[in-house]
Asker: 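The structure's right below; bear with me while I get my questions together.
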Number of protein chains: 2
Amino acid sequence: MLAKSSTELVRQKNSALVLSALRRHGPLAHTELSDFTKLSSATVSVITADLERAQIIEKAEQQAASGRGRPRVLFSQRRDCGYLIVVVISSDAVQYSLVDYTGRLMDRFTEERQQSVAGVDRFVAGLRDALNRIAARSQLPRDKVLMISISSKGLVDASEPVLRWSPIFGRDEIDFAAVLRDEWSAQIILGNETLLVAAALGRQEDIRTRGNFRAMAALSLGHSIGLGIVRRDHEGNHQISAPNFGHMMHVPGGGLCRCGARGCIEAYAGFYAILRTAFDVPLDTIPAKFVPIAELDKIAVSARQGGRRNVLAFRQAGLALGTGLSRVLSLHERMPIVITGPGVRYYDLLIEGMTEGLAESHVVRMEGMPELRVIVDEPTLVFEGHLNRALSIIDNHIVRRGAAVMELRDRAS
Amino acid sequence: MLAKSSTELVRQKNSALVLSALRRHGPLAHTELSDFTKLSSATVSVITADLERAQIIEKAEQQAASGRGRPRVLFSQRRDCGYLIVVVISSDAVQYSLVDYTGRLMDRFTEERQQSVAGVDRFVAGLRDALNRIAARSQLPRDKVLMISISSKGLVDASEPVLRWSPIFGRDEIDFAAVLRDEWSAQIILGNETLLVAAALGRQEDIRTRGNFRAMAALSLGHSIGLGIVRRDHEGNHQISAPNFGHMMHVPGGGLCRCGARGCIEAYAGFYAILRTAFDVPLDTIPAKFVPIAELDKIAVSARQGGRRNVLAFRQAGLALGTGLSRVLSLHERMPIVITGPGVRYYDLLIEGMTEGLAESHVVRMEGMPELRVIVDEPTLVFEGHLNRALSIIDNHIVRRGAAVMELRDRAS
DNA sequence: GATTTTTTTCTCGACAGTCGAGAAATTTAG
DNA sequence: CTAAATTTCTCGACTGTCGAGAAAAAAATC
């Protein structure tokens, strides 16, 4: 309750409403826009005229008349209104994608990252390089790139695009804004990978349940463990957050984690932890930097054939996840949990422990087991999350900029 | 992003702004209102005129002119605009307070609750009775009571005034709206006690830091353990939530808790749990319903003199709290923690364990120890929280109703 | 005591935004 | 070729905010 309201703000909000309808449902006619936004036809006229003048949207050449009556003219977003570069940093590679304003993929390549050289400086140099390359290949003027959206596993600052801690670079922070400021005028945003998964799921669920969506958690299983939570606030906006779940305390004084602390959930449920338990290595052994998935597959095969030690390894991982999730539910509310990431292939081995870990807690006893869903294709969700988040931020900027433009025009006259 | 915006909404928001300025800073003159709200003088005129016509605010008889120039006329809230009944349910008593629209206490009494008869029906009958009594004593017409704000320890539904679980009534739910609907037209709201503490602290902190406030947690120590979290969202509103902290899993398969589950934080840090450890009673003993504080004081005295078993009891409680808090911080962000409730008198004995429990976790290693503050007077905070929450909801209703009134007027003409 | 200064409140006209109603446009059906 | 249907556009009414300046009222000054 700080900011006063004004008629300009009203216009901004309603313009944003129009843009988001267009983003969600593709090209729309005047009438449809009016239906979706609940704005009157007259208002839609004014807003679309404004946006058209600002070159944000355009009238599609009118399609063959489909019914009788005056044929509808469709408004659609202008592809060339601006561009977005998506950077997905994973443990073994970095993927760069160029996307236009409508969300269409225009170019993409992947740079392998050598495990050996993990220096931040090296990485940053590679990043600058690759960004320059993707921009050059597209032959777009640089200032047409409105945003660079980056994701990584690890701990991300809440307000600035700073990577505080990551499984790859440890405590060597990276301030992406500082690093890219001199070369790019684009806005830089950074998000935890699983946060973006949650963002994508939240939108899917919102469409699926037609607005009855409340909250949802995304759990990503892999070498490290990620959690993203998406909730609808009282105004209908989606609040996404990426708790530091993988490094939440599981057992005080427990197994040594990659982060240097002891007893983190990841130190029980991460790939390296499962390996450690399976081979009965002492819990204070320094974790492996990288575990080929084939190694884990072998353990899984053995576990599925009843290998005791290996069954136990997955069970313990499941327990750590289940107990951790029960704690999450205690601190929030009951919500469905979507499980994704490379680790879902062991879901059959993990589920028993997870269920047990969940079942014991007061929340679950009270409100029942949360719904658990499995989604295999994580990379797609991550990319979708990038688009959702970045493009809707761009839309918001545009409507704000619109106001600024009007102001300039007024001052000129 | 569902609702469209309109000029009426602008008026509502700005009216709310005026009311909240008046609530925060007491009677204000036209100019001051304009300063606080950043609204133009003209707008303030229109809004105050409206509110005055609707009998929400009034011009105070002008005070002795203090400087030169036209003397300022102060606007103040009208006391008789509406009333609020606050019901604070604690383990041994229920306190009823009647408050006017400005937040001034008008009447208050306390009903002892016998420990023996804890039937929900009995309790509800007593509640209806007491509410009738406080209304009768004030001689106010019933429809002037706009809201009944109830608080209890335990688990409260997020959207409806339903007590899902409480240390007093266990799983016997109470739907306060259903119970009071036939006798009261007032809106019924229910909040967890520590949630209200957090609400009060949030407002205090917001004023203290002049808007730089981000987030804060309130931890209430007593027979049971409560946690409230208050955060400022991107729009500056305070989001308060009451996680089920006391019954978050501390140790799987651990000590038996009053809730029936095993290993809850409360089963280690609640008064009964401290007693249990101190007397070396098996952890699966059914917890005492009530522990006189004198009992705990004795243990504390002995602990302060070095009694090993008793030191351990408090240390274990502290550890449970510390580990639990570290988990909360993992799932949210770093925030100051205010400790309150009857248990703070043992803070000296708890702090060591708490610090240790906190220190081990990844978040604390990364971001440092959170600030811990102690506030002794919990009941005042609870009452303040009631007022903050209830009165600001009332203000919001009023500005909405204002619009409805205009509509009626229009339809009549 | 009359005039000026200062401070506060009120009022007026301009402007931005939304809305409902109906006009205009444009196609199909008959 | 006319009528019906459907979509888009335009106009006037209304609400809300704002800046500027008028009006009010007391203190300071002559």
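Quick note on labels: first sequence line is chain A, next is B, and so on, each numbered from 1.
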Asker: Are the ring centres of B/His25 and B/Phe36 closer than 6.0 Å?
Answerer: yes
Asker: Does a nitrogen or oxygen in the side chain of A/Ser40 sit under 4.0 Å from OP1 or OP2 of C/dC19?
Answerer: yes
Asker: Can you tell me the distance, in whole Å, between the CG atom of A/Leu39 and the P atom of C/dG17?
Answerer: 13 Å
Asker: Looking at B/Val145, B/Leu146, B/Ile148, B/Ile393, which hits side-chain contact (heavy atoms from CB on, under 4.5 Å) with B/Gln187?
Answerer: B/Ile393
Asker: For B/Tyr101 and B/Ile56, run side chain to side chain contact (heavy atoms under 4.5 Å, CB included): C-alpha distance rounded to whole Å, both residues' side-chain angles, the deciding distance at 0.1 Å, then the answer.
Answerer: CA-CA 9 Å; B/Tyr101 178 63; B/Ile56 312 297; 3.7 Å; yes
Asker: Output all residues satisfying side chain to side chain contact (heavy atoms under 4.5 Å, CB included) with A/Ser185, sequence neighbours left out; order by chain, then residue number.
Answerer: A/Asp143
Asker: Quick one: bend of the helix from C/dG1-D/dC30 to C/dG30-D/dC1 from 5 pairs per end, to 10°?
Answerer: 30°
Asker: Specify the separation, in whole Å, of atom CG of B/Leu28 and atom P of C/dT8.
Answerer: 13 Å
Asker: B/His238 versus B/Asp206: any side-chain heavy-atom pair under 4.5 Å?
Answerer: yes
Asker: Just how far is it from atom CZ of A/Arg232 to atom CG of A/Asn237, taken to the nearest 0.5 Å?
Answerer: 9.0 Å
Asker: CG of B/Asp35 versus P of C/dT8: gap in Å, rounded?
Answerer: 9 Å
Asker: Between A/Asp80 and A/Lys144, does any NZ, NE, NH1 or NH2 come within less than 4.0 Å of an OD or OE carboxylate oxygen?
Answerer: no
Asker: Taking NZ, NE, NH1 and NH2 as the nitrogens, is one of them in A/Arg11 or A/Glu8 under 4.0 Å from a carboxylate oxygen of the other?
Answerer: no
Asker: Determine: side-chain N/O of A/Asn14 to OP1/OP2 of C/dG17, distance under 4.0 Å, yes or no.
Answerer: no
Asker: Before accepting this row, confirm whether a basic side-chain N of the pair B/Arg214/B/Glu333 lies closer than 4.0 Å to the acidic partner's carboxylate O.
Answerer: yes
Asker: Quickly work out the B/Leu9 CG to C/dT18 C1' distance and round it to whole Å.
Answerer: 12 Å
Asker: For the pair made of CD in A/Gln12 and C1' in D/dG16, what is the distance, rounded to whole Å?
Answerer: 17 Å
Asker: D/dG16 phosphate, OP1 or OP2: any side-chain N/O from A/Thr7 under 4.0 angstrom?
Answerer: no
Asker: Between the protein and nucleotides 8-11 of chain D, which nitrogen or oxygen pairs come in under 3.5 angstrom?
Answerer:
{"unit_1": "D/dT8", "atom_1": "OP1", "unit_2": "A/His30", "atom_2": "N", "d": "3.4"}
{"unit_1": "D/dT8", "atom_1": "OP1", "unit_2": "A/Val73", "atom_2": "N", "d": "3.2"}
{"unit_1": "D/dT8", "atom_1": "OP1", "unit_2": "A/Val73", "atom_2": "O", "d": "3.4"}
{"unit_1": "D/dT8", "atom_1": "OP2", "unit_2": "A/Thr31", "atom_2": "N", "d": "2.9"}
{"unit_1": "D/dT8", "atom_1": "OP2", "unit_2": "A/Thr31", "atom_2": "OG1", "d": "2.5"}
{"unit_1": "D/dC9", "atom_1": "N4", "unit_2": "A/Ser41", "atom_2": "OG", "d": "3.1"}

Asker: Ignoring backbone atoms, establish whether B/Arg11 has a side-chain N or O less than 4.0 Å from OP1 or OP2 of D/dT17.
Answerer: yes
Asker: Roughly how many Å is it from CG in A/Leu33 to P in C/dC19, rounded to a whole number?
Answerer: 14 Å
